[in-house]
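Worth knowing before you read on, the calculation uses all heavy atoms, side chains too, and leaves out hydrogens, waters and symmetry mates. Numbers restart at 1 for each chain; the letters A, B, ... are given by sequence-line order, proteins then strands.
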Protein chains: 2
Amino acid sequence: LISIEDLHKSFPMGDGRIPALRGVSATINRGEYVAVMGRSGSGKSTLMNILGCLDTPTAGRYALDGRSVGDLTDDEQAFIRNRMIGFVFQAFNLLPRMDALHNVELPLLYRGLDSSERRWRAMEAMEAVGVSDRARHRPNEMSGGQRQRVAIARALVGEPSIILADEPTGNLDSGTGEEIMAIFDRLNREGHTIVLVTHEAHVASHCRRIIRLRDGVIEEDRPIV
Amino acid sequence: LISIEDLHKSFPMGDGRIPALRGVSATINRGEYVAVMGRSGSGKSTLMNILGCLDTPTAGRYALDGRSVGDLTDDEQAFIRNRMIGFVFQAFNLLPRMDALHNVELPLLYRGLDSSERRWRAMEAMEAVGVSDRARHRPNEMSGGQRQRVAIARALVGEPSIILADEPTGNLDSGTGEEIMAIFDRLNREGHTIVLVTHEAHVASHCRRIIRLRDGVIEEDRPIV
Ligand SMILES: Nc1ncnc2c1ncn2[C@@H]1O[C@H](COP(=O)(O)OP(=O)(O)OP(=O)(O)O)[C@@H](O)[C@H]1O
Ligand SMILES: Nc1ncnc2c1ncn2[C@@H]1O[C@H](COP(=O)(O)OP(=O)(O)OP(=O)(O)O)[C@@H](O)[C@H]1O
Ligand SMILES: [Mg+2]
Ligand SMILES: [Mg+2]
């Protein structure tokens, strides 16, 4: 399903470039449940952004279902971003002037659903993560963990086949974190592919494979037993 | 040092109010090392914001060194906020258009230090948390954990007597997180009062007292053995 070959990514800074990924290769098959770990600054979010078609590599190849993403048309890339992939950002990236409900509805906007259908699905997603009582709150009227859960609901509302979650429990107490992991567990049992970045061992233990990054390269890639 | 009596805080929402703190009382003495824990939405950040003089309670009393904060002049409150207290925000609250160095220098701006002294102290603080190589990066040119560490450096640069840290390791891998906790441990040994919100048991284990919130009240307040 997901195939990355010798991915490189660097960012321009002043006269030079900051290397973020220095040759990353892996294949992730449909239905896998992968934890990505590594030190702060090791390239995890950069990798996730490329997998999520939110950024492009400086070198190397990223193919989905055998087709190189770099060769796809804008429409095809948009389809992947909006329909195939659900992305939970490390910084949530909620729109500050919209309430939680509208934030969660966003991925459904271009699917030809009527507004009551959109509303219903968004409320379902918010209930699953326990923030439906904050539906009319804007992000700055919610706690950090409530914002995080709204971001998770938004990623799941479209029932994407691939879920990319960047530190989805970083702001959640253990109890709420385990509720979120139970959702991911269920979605994976139902066949969704899940790749999540975490620094918490008990979160990673839900996954079946760990990819550990270090300074922009893969240091370890093995099953979790 | 810190004395809170029957603190209440609620936020206006539509026609009603959202209760965040529903009668919280505690005394935290100079040099204590306290972990605040509790479910997402239980009132931890609201409590921290009141302790940090960044918000006022709807009812109840907050006194520092015996003086009720509500009765202080604006200047006195500003002094406390800027000189006595170092605050690490759950969402970092870095200024997006300034580079990391300038963000960290901010608390020093009104102390009559010359710019090279400010620069030196800011670089020291950034080195302590391992982000000095990102001094000239703006927040969106850094990883999540690097931003978090810049926020920590900014809170510590003024050597405040009270450090309030809201989830200071939420975006950090275990290794980097332990480096940060070692800094807090040292500061506490040197006499600084530290109150930190965390959802991670191994982080709380550095502290000597735990205050657990539940739905806006204190459910537990005991020493950590
Ligand atoms: N500005 C606001 N307007 C309305 N409600 C608010 C506002 N700020 C906070 N709340 C509500 O107050 C309650 C407590 O919020 P607080 O941020 O203190 O929780 P928390 O314990 O820090 O949660 P988390 O662990 O998720 O960060 C939450 O239910 C939240 O929705
Ligand atoms: N826009 C940018 N400009 C310059 N450097 C960048 C930019 N974005 C990321 N970097 C650098 O690339 C490296 C990798 O960043 P990335 O966000 O992928 O790390 P990460 O593993 O997600 O870290 P964390 O665990 O702290 O979130 C970091 O050293 C970071 O400073
Ligand atoms: Mg990251
Ligand atoms: Mg909070």
Side-chain angles (χ1 to χ4, degrees), chain A residues 11-14 16 18 20 36-46 48-49 89-92 94 99 129-131 133-134 136-149 166-167 169-180 197-204 212-214, chain B residues 11-14 16 18 20 36-46 48-49 89-92 94 99 129-131 133-134 136-149 166-167 169-180 197-204 212-214:
Chain A
F11 298 97
M13 272 302 296
I18 302 280
V36 174
M37 305 183 83
R39 280 187 79 83
S40 171
S42 56
K44 304 179 296 296
S45 297
T46 302
M48 296 290 268
N49 290 340
F89 292 86
Q90 188 169 8
F92 317 154
L94 299 177
D99 64 24
V129 297
V131 291
D133 62 343
R134 293 287 179 270
R136 295 301 184 179
H137 288 229
R138 293 197 286 175
N140 68 351
E141 296 167 333
M142 289 187 276
S143 77
Q146 288 164 344
R147 279 183 223 122
Q148 182 156 45
R149 284 179 278 157
D166 198 344
E167 291 283 1
T169 63
N171 281 278
L172 302 177
D173 61 282
S174 319
T176 312
E178 285 303 311
E179 289 168 17
I180 295 301
V197 173
T198 184
H199 66 273
E200 302 186 70
H202 63 88
V203 169
R212 187 179 300 278
L213 288 179
R214 177 194 175 83
Chain B
F11 298 96
M13 271 304 293
I18 301 281
V36 175
M37 304 183 83
R39 279 187 79 81
S40 171
S42 57
K44 304 180 295 295
S45 296
T46 301
M48 295 292 268
N49 290 340
F89 293 86
Q90 187 169 9
F92 317 154
L94 298 177
D99 64 23
V129 298
V131 290
D133 61 344
R134 291 287 179 272
R136 295 303 184 179
H137 287 230
R138 292 195 286 174
N140 69 351
E141 295 166 334
M142 289 187 276
S143 78
Q146 288 165 344
R147 280 183 225 122
Q148 182 156 47
R149 285 180 278 156
D166 197 345
E167 291 284 1
T169 63
N171 280 277
L172 302 177
D173 61 284
S174 320
T176 311
E178 286 302 312
E179 288 168 18
I180 294 302
V197 174
T198 184
H199 67 273
E200 302 185 73
H202 62 88
V203 168
R212 188 178 299 278
L213 287 179
R214 176 193 174 83

Checklist entry - Pick from A:G170, A:G130, A:G175, A:G145: which one has the most heavy-atom pairs with chain B under 4.5 Å? => result A:G170
Checklist entry - For B:M48 and B:V197, which heavy atoms make the closest approach, and how far apart are they? => result CG-CG2, 3.5 Å
Checklist entry - Checking B:E200 against chain A: side chain, backbone, both or neither under 4.5 Å from a heavy atom? => result side chain
Item to check | Distance-minimising heavy-atom pair for B:R147 and B:P139 | outcome: NE-O, 2.8 Å
Checklist outcome for this item: With sequence neighbours left out, the residues meeting ring pair (Phe, Tyr, Trp, His ring centres under 6.0 Å) with B:F89 are B:F87
Checklist entry - So which part of B:T198 gets closer than 4.5 Å to some heavy atom of chain A, the side chain, the backbone, both or neither? => result neither
Item to check | Considering all heavy atoms, the nearest A:I180-A:R149 contact | outcome: CD1-CG, 4.1 Å
Next on the checklist: Which one wins on heavy-atom pair count under 4.5 Å against chain B: A:Q146, A:H137, A:R134, A:R136?
Outcome noted: A:H137
Next on the checklist: So which atom in A:I18 and which in A:M13 form the shortest heavy-atom distance, rounded to 0.1 Å?
Outcome noted: CG1-CG, 3.4 Å
Checklist entry - Roughly how far apart are A:H199 NE2 and A:T169 OG1, rounded to 0.5 Å? => result 7.0 Å
Checklist entry - Do any of residues 39-46 of chain A come closer than 4.5 Å to chain B, heavy atom to heavy atom, and if so which ones, in number order? => result A:R39, A:S40, A:G41
Checklist entry - How far apart are the closest heavy atoms of A:A20 and A:F11, and which atoms are they? => result CB-CE1, 3.6 Å
Next on the checklist: Checking side-chain polar atoms at under 3.5 Å, does A:E167 have a donor or acceptor matched by the opposite partner on B:N171?
Outcome noted: no
